[in-house]
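Here's the structure, in structure tokens; my notes come after.
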Amino acid sequence: MEAGYSKFDRVCQIIEENNYDKSKLIPILQAVQNEYRYLPEEILAFIASSLRISPARVYGVATFFAHFTLKQKGKHIIKVCDGTACHVKKSTNLINTIKNKLALKDGEFTTKDMLFTLETVSCLGACGLAPVMVVDEDVFGQVTPDKVIQIIDSILKQEAAQ
Amino acid sequence: MLDLKKITESVQKSLGNVTKRIIICAGTGCVANGSLKVFNAFIKSADELGVKISVELKEEKGKTNLLSKSGCQGFCQMGPLVNILPSGILYTKVKVEDVKEILEKSIKADEVIERLCYNDNGKVCKGQNEIPFYQKQSRMVLKQCGVVDPENIDEYIFDGGYRAAKKACIDMTDKEICDVVLAAGLRGRGGGGFPTGKKWDLTRVQQRDKKYIICNGDEGDPGAFMDRSVMEGNPHSVIEGMIIAAKAIGADEGYVYVRTEYGLAVERMKKAVEAAVQKGVLGKNIFGSAHNFTLHVMEGAGAFVCGEETALIASIEGKRGMPSPKPPFPAQSGLWEKPTAINNVETLATVPLVINYGADSFRQLGTPQSPGTKTFALTGQVLNTGLIEVPMGTTLRQVVFDTAGGVTDEKGKVDDKNFKAVQIGGPSGGCLTKEHLDLPLDFDSLKKVGAMVGSGGLVVMNQNTCMVKMAKFFMQFTQNESCGKCVLCREGTRQMLLMLEDITEGRADENTLTLLEKLAKAVQVGSLCGLGKTAPNPVLSTLRYFRDEYNAHVKDKRCPAGECSNLVNYSINDKCLGCTACARKCPVGAIAGTLKKQHVIDTVKCIKCGVCLDTCKFNAVVRG
Ligand SMILES: Cc1cc2nc3c(=O)[nH]c(=O)nc-3n(C[C@H](O)[C@H](O)[C@H](O)COP(=O)(O)O)c2cc1C
Ligand code: SF4
Ligand code: SF4
Ligand code: FES
Ligand code: FES
């Protein structure tokens, strides 16, 4: 990460765009997270003081919503849908296959090399194609354990080529 | 001022020059299947083949073909879909490689390419009106979804859009609007089924300086995507419904609260609001009336409980999305303590229809107590999954066997005997079984059997689905999503989940079932909001209809559906020819064996995914 100043610059800008409005806390956190891909602690404190609200409130909101993350994530994010439709179509198999492939132990979601983060989400709204999985920006439908391995392998190959 | 007639005439004129219209589905499902690539291939190939194509509806010299994108056309599983007007040919599973042929044959000439049509048991269906999936529906709310270009407000206006809003703003009083909606019997589509006219009237009579209308587009129910499809496919219908609602209750500001996972819906809603502002449909003195209305689009941040109205309000205010006790109801004290009406996306999209056609016409479809239609997200083990809309009161049998084309087995083949149950209404709903096949789907009859319409998720399950595991799945969901405010919701659901885990993993005894039932009832009573109150529904309804299955887990330590991995084991018998197919497919390398020798499964490594069972051509893999 670059020098601390430029980091806060962008946050300042986001807060300004939202007119220092406390009620815009959620959109502000969203914009910040889009920028850094997670919510660094010092930035949460900074937002609290800029909006003149308690750090506890900012922290409270940031931890309440599933979309916010306080930990740094891997470079590639694999989201497996475990909503009803996908679950019925055996999404658990996909999750197990990925955990196995990425050697993630129970309770671990990011690989040690910070290359992958595995997340489960409840419904991506493409249930007609269940089971569904999103890798970074690409949505894959009717996924099988085979296909999962192929997708991960192709990313690994790309990474190795770089 | 906005002149709807002039816009209509201008679109008419532009359309007059359009020979054929190619509509590519750009709903989430089809995009996932690659429909945007197909769209681009059309542009490229048309250029190469010298077929004239415009991608925007505008006045042009000479004839042209129009290529446009639409929201979900409903038949997601068969996507990417390409619909050609005026002939109404519908092509399914279209690939980039097919595009040239479509241009050559169907656009230049009028030929139908049969191989790309939907095939119903050997019968080639040329268009939507020949496909059973569409034939059995009554698309009212979804009529334009999948047809109009959601990013073009003029098209919506051409199709009759914003007439109802104009009528409401100019010709009707707030009370008249409430009365019509009440007389039409429109009930909220967000789950509760509360009469919309009544809700509005309660808000209308509040004498306050400021009021709000909120559109609930949170749609947190797993397995549901109706609201998403409406917001993506016909965002203006939602805005129009909100303008009417705002006038009815006397609000001048509103919010559309959309789930953050629904990126495309957020984008299309935002674009639609911008376009509406530009045209003067939103803003000050709408249609020259005294009515002002500002509309904001807000993205949620991923919390199911935020679909509950008081929690949703809290999150718009920038707080943790936790429900608060009612009363006061939002109608009395909602957003920033001002009177607020909250309605579901589909409810609001239905409102213009009520205003345009009147209460009596609206009642033509549906049942006396539940008039109109309902959209359902049809998923699970059926031939045709997708987005459907049927009159309220349609039976489950019609939906599952006619519209959805029947129940499928593990290999995806239709086998109606394989029908086991339908989970309806998501985590707050219950399940229906064979004995309910002729039950009309409407608010009241479902409630009677311990289920609910809910938001409209409809998951069909076959004999290979374990109902206990299903109940556990929903319990896990509500447990994760409980906001933690109420002890019984927070701790009770946790204990229920643990008990269900004991059952599926073979540690439970009969006492567990008794305890589970007791606790379920306590959670229902002791929770503040709908999340906790309804969390036990899937458990109670499966206990009621599938007691045997629970007993098999508890007494015999057996999972009849073969889904609970602790209670099943995979092995390979002597039918194995040693073809190595299973070993190659096993995702965890649990199968060992050499060519032409019987293989063995390492039960410790095995994750019980069943891939080997599906792979083996010789039925040598057994689950027991
Ligand atoms: C936990 C919970 C989640 C809910 N989620 C939604 C939702 O995603 N969308 C929705 O329209 N209503 C949802 N509701 C119902 C709303 O609180 C509210 O009743 C509804 O938006 C009212 O609109 P309607 O009268 O048009 O149905 C939920 C309720 C609860 C208790
Ligand atoms: S019932 Fe559950 S979700 Fe609802 S307020 Fe109580 S703890 Fe929160
Ligand atoms: S069930 Fe799945 S994990 Fe187990 S042996 Fe078969 S393929 Fe491998
Ligand atoms: S349940 Fe997986 S996309 Fe809806
Ligand atoms: S997304 Fe194309 S038909 Fe549903």
Q.
Test your reading of the model: is there a side-chain donor-acceptor pair from B:T379 to the backbone of A:C127, 3.5 Å cut-off?
A. no
(Q) Is it the case that the side chain of A:R57 and the backbone of B:G318 share a donor-acceptor pair, with hydrogens and angles ignored and the cut-off at 3.5 Å? (A) yes
**Q.** chain A contact residues among residues 604-613 of chain B, heavy-atom distance under 4.5 Å
**A.** B:I607, B:K608, B:C609, B:V611
May I ask you to name which of [options] has the most heavy-atom pairs under 4.5 Å with chain A?
options: B:C76, B:A303, B:A301, B:A32; value: B:A301
options: B:R228, B:E219, B:E261; value: B:R228
options: B:Q381, B:Q476, B:M322; value: B:Q381
options: B:T465, B:V588, B:T28; value: B:V588
options: B:R259, B:Q423, B:M470, B:M298; value: B:R259

Q. What distance separates B:K319 NZ from A:I53 CD1, expressed to the nearest 0.5 Å?
A. 11.5 Å
**Q.** Inter-residue atom distance A:D146.CG - B:T615.OG1, 0.5 Å rounding
**A.** 7.5 Å
Counting C-beta onward and ignoring hydrogens, is there a side-chain heavy-atom pair between [X] and [Y] closer than 4.5 Å?
X: B:T260; Y: A:F65; result: no
X: A:D82; Y: B:F477; result: no
X: B:E317; Y: A:K22; result: no
X: B:S315; Y: A:F64; result: no
X: A:L129; Y: B:N33; result: yes

Tell me, for [X] versus chain A, whether the close heavy atoms (under 4.5 Å) come from the side chain, the backbone, both or neither.
X: B:L378; answer: neither
X: B:A224; answer: backbone
X: B:C306; answer: side chain
X: B:F474; answer: side chain
X: B:V305; answer: side chain

Just checking [X]: does its [atom1] atom have more than 12 heavy atoms from other residues, nucleotides or ligands closer to it than 6.0 angstrom?
X: A:K79; atom1: NZ; answer: no
X: B:E337; atom1: CD; answer: no
X: A:E108; atom1: CD; answer: yes
X: B:K37; atom1: NZ; answer: no

Q: Between chain B and each of A:G83, A:C123, A:C81, count heavy-atom pairs under 4.5 Å; write down the option with the most.
A: A:C123
Q | Residue among A:K89, A:K90, A:H87 with most heavy-atom pairs under 4.5 Å to chain B | A | A:H87
**Q.** Minimum heavy-atom distance B:P587-A:T97, with the two atoms named
**A.** CB-CG2, 3.5 Å
Q: Please look at A:Q142 and chain B and tell me whether the side chain, the backbone, both or neither of the residue comes under 4.5 angstrom of a heavy atom of that chain.
A: side chain
(Q) Heavy atom to heavy atom, less than 4.5 Å: which residues from residues 24-32 of chain A reach chain B? (A) A:L25, A:I26, A:P27, A:Q30
